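Quick notes on the structure that follows.
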Amino acid sequence: MFLAIKEIKYLKGRYLLIISVVALIFYLVFFLTSLAYGLAKANRSAIDHFKVSGIIIDSAANNNITVSSIAQNSVEALFDHDHEPLNIALSNVYHISKSKNEKLLSVAFVGTIDDSRLVPVLLEGRQINANNEVIASISLKQDGISLNDKIRDSKTDRTYEIVGFTKEAKYNTLPVIYIRLDLISPPMQAYKNAEALSGATEDMPQRINALAVFKDDVIKLPSGLIYLPSEEVINKLPGYQAQVLTFGMMIGFLSMISAIIIGIFMYILTIQKSSSFGILKAQGFNNAYIIKAVILQTIIITFVGLLIGYLICMISIKLLPSKVPTSINYWFYLVISLLTSLFALAGSLFSVRAVTKIDPLEAIRGA
Amino acid sequence: MSTIRLIDIYKAFKDGDNTVHALFPTTFTIEKNEFVAIIGPSGSGKSTLLTMIGALQEPSGGKLYIDDVDIALLNDKQKAKLRFEKIGFVLQSANLLPFLKINEQLELKAKYAKKRYDQKESNKLLTQLGIEKLADKYPNKLSGGERQRAAIAYALYGDPVLILADEPTASLDGQKSLEVVALLKEIAKKQNKAVIMVTHDNRLLHYCDRILKIEDGVLQEVAHSEI
Ligand SMILES: Nc1ncnc2c1ncn2[C@@H]1O[C@H](COP(=O)(O)OP(=O)(O)O)[C@@H](O)[C@H]1O
Ligand SMILES: [Mg+2]
């Protein structure tokens, strides 16, 4: 402790430099992590809000909810699980306003029954009471949409009023608009101005994209249907996995690199100090004492670097425009920090070895 | 009871097919209160002898007792402990750590021994050596003579029985050398320690009680008059 701290105090400049390099790398790691997590959330938050164990879709849909089409009554009749019908449709909407240029926005419609558990908490406004009412992810406010504004679906030309905002919900990076189930059922999307849904009969049952299942008991399905656990649904989102893997690799490599850099710095410093360490050993200080000092310095560099990197990261996230999807996940930070610290400690083993190799006799001769 | 006892200690280095006899079998004892000089030309084996006495390298044969402990029976860890507790080293260009202030060097020794650092004792020691004003200076801020005094303070801290000094005056001018050697003598007498000093400066020898001369690895004790 004494040795480690006093030396850092003496060589302030040198250690400051090392710590800044380490801090910058950790900054990058943390920043990438929040970007990656922000982007991941922009893909999956709507599905996470469902809080379902999985969904049942058409097995021919190739894991894509939006192209799945199943008969609601027959699928629901198959089991008495806790479930709800679910439609998801990607579309563009016009934000109706007095200005001539109506703004076109890409959104994901999520159709549910009234008072559905699939819809996240309302932050503003109220629940849907009528067919022409929808509630939207709060993130749409950034696109200039306010409560009681009107939007028009470009596919069907139907016009809706925003009556509430939920906490942020996105599906495959698109902001979500929650709507009554039947208004975006597969057949309803096919026709402009189609009147409501009375068309469903025994012979022509209502069709839905998916059935959301809340509890994951063993589900036996007839052929033609497939059960996808939530995590699988998310992984099958277009581009999701590639992006998570890419970011994961970058973050992983950067943590490794920072650990290696710490290890190399410590090694160089140890070699530079080997004559001092040799004299200590000649005077009867054992390896363990010197090694403790080296390891403690590694821990100090790593920890201070982590802390500074984290602080800069927090500041830059604050300064970043809100369009950039960032999200802080302390759990990830913690795991990355722990792993990197472990790697850095492993890297300092080279220095430990160097310490044990120092010959006190040589130090005495040199002195 | 002797502080140092050598019985037929010798040291040979294998250099390919050649064997370098750095020290032929040597027997002598050194007691507390004695200030002993080891002299001899360069390469004659002085450092080899001193480092064996300092438990830093093993003799090729013979018996070596430090404070009545047979060195051959100790493992590396025990030897390190013995060095720490019983021996103070004073080296040519100082055994100080560049990144510790003079008083911190002493504190480090206390910390390592898991003893409370005694500021008073440390001050007393530094005062004795005339460097109390330099206590919170780093070694590179000291002159050669001051640094050597600091090194002696460091060697003395913790009360070892034996002080080993390898050419402690090599980097000092004549006057400063005499001061340092006088100091070593005072330590031997007043603090009742065995002090062994390697030197090639014959002017310093009249401070010493005994003179051991090595030539080509052969050690013999000589009288002051023979120098
Ligand atoms: N580690 C070693 N390997 C080989 N020869 C050595 C080694 N150490 C010392 N010697 C040899 O032993 C002899 C005595 O060396 P040393 O004790 O350093 O002499 P001094 O200190 O009197 O100048 C020299 O010939 C030196 O070359
Ligand atoms: Mg020598």
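Letters A, B, ... are given to chains in the order of the sequence lines, protein chains preceding strands, and every chain is numbered from 1. Quick note: numbers below take in every heavy atom, side chains included, and nothing from hydrogens, waters or symmetry partners. From a predicted model like this one, the values you see are computed outputs, not experimental measurements.
Proximity to chain B among residues 251-277 of chain A is limited to A/K273, A/S276, judged by heavy-atom separations below 4.5 angstrom.
Looking at B/I87, neither its backbone nor its side chain comes within 4.5 Å of chain A, counting heavy atoms on both sides. With a threshold of 4.5 angstrom between heavy atoms, B/P98 approaches chain A through its backbone and through its side chain. Heavy-atom distances place no part of A/L11 under 4.5 Å from chain B, backbone and side chain included. Heavy atoms closer than 4.5 Å to chain B are found in both the backbone and the side chain of A/F285.
Between B/F99 and B/Y138, a ring centre-to-centre spacing not shorter than 6.0 Å is recorded.
Between B/K63 and B/D70 there is a salt bridge, with a side-chain nitrogen of the basic residue lying less than 4.0 Å from a carboxylate oxygen of the acidic one. Using a 4.0 Å cut-off between charged nitrogen and carboxylate oxygen, A/K357 and A/E362 do not count as a salt-bridge pair.
When B/K81, B/K109, B/E107 are compared by the number of non-hydrogen pairs under 4.5 Å with chain A, B/E107 comes out ahead.
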Test ring pair (Phe, Tyr, Trp, His ring centres under 6.0 Å) on B/F84 and B/Y112 and set out the steps. CA-CA 9 Å; B/F84 186 83; B/Y112 182 78; 4.6 Å; yes
For side chain to side chain donor-acceptor pair (under 3.5 Å), just list the numbers for B/Y157 and B/Q105, CA-CA rounded to whole Å, side-chain angles, deciding distance to a tenth of an Å, and then say yes or no. CA-CA 10 Å; B/Y157 190 83; B/Q105 315 251 356; over 6 Å; no
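Taking CD1 of A/I291 as the reference point, atom CZ of A/R353 lies at 12.0 Å (rounded to 0.5 Å).
The two atoms that bring A/S327 and A/K41 nearest to each other are OG-NZ, 3.3 Å, heavy atoms only. The minimum heavy-atom distance linking A/T302 with A/S341 is given by the pair CG2-OG, 3.7 Å.
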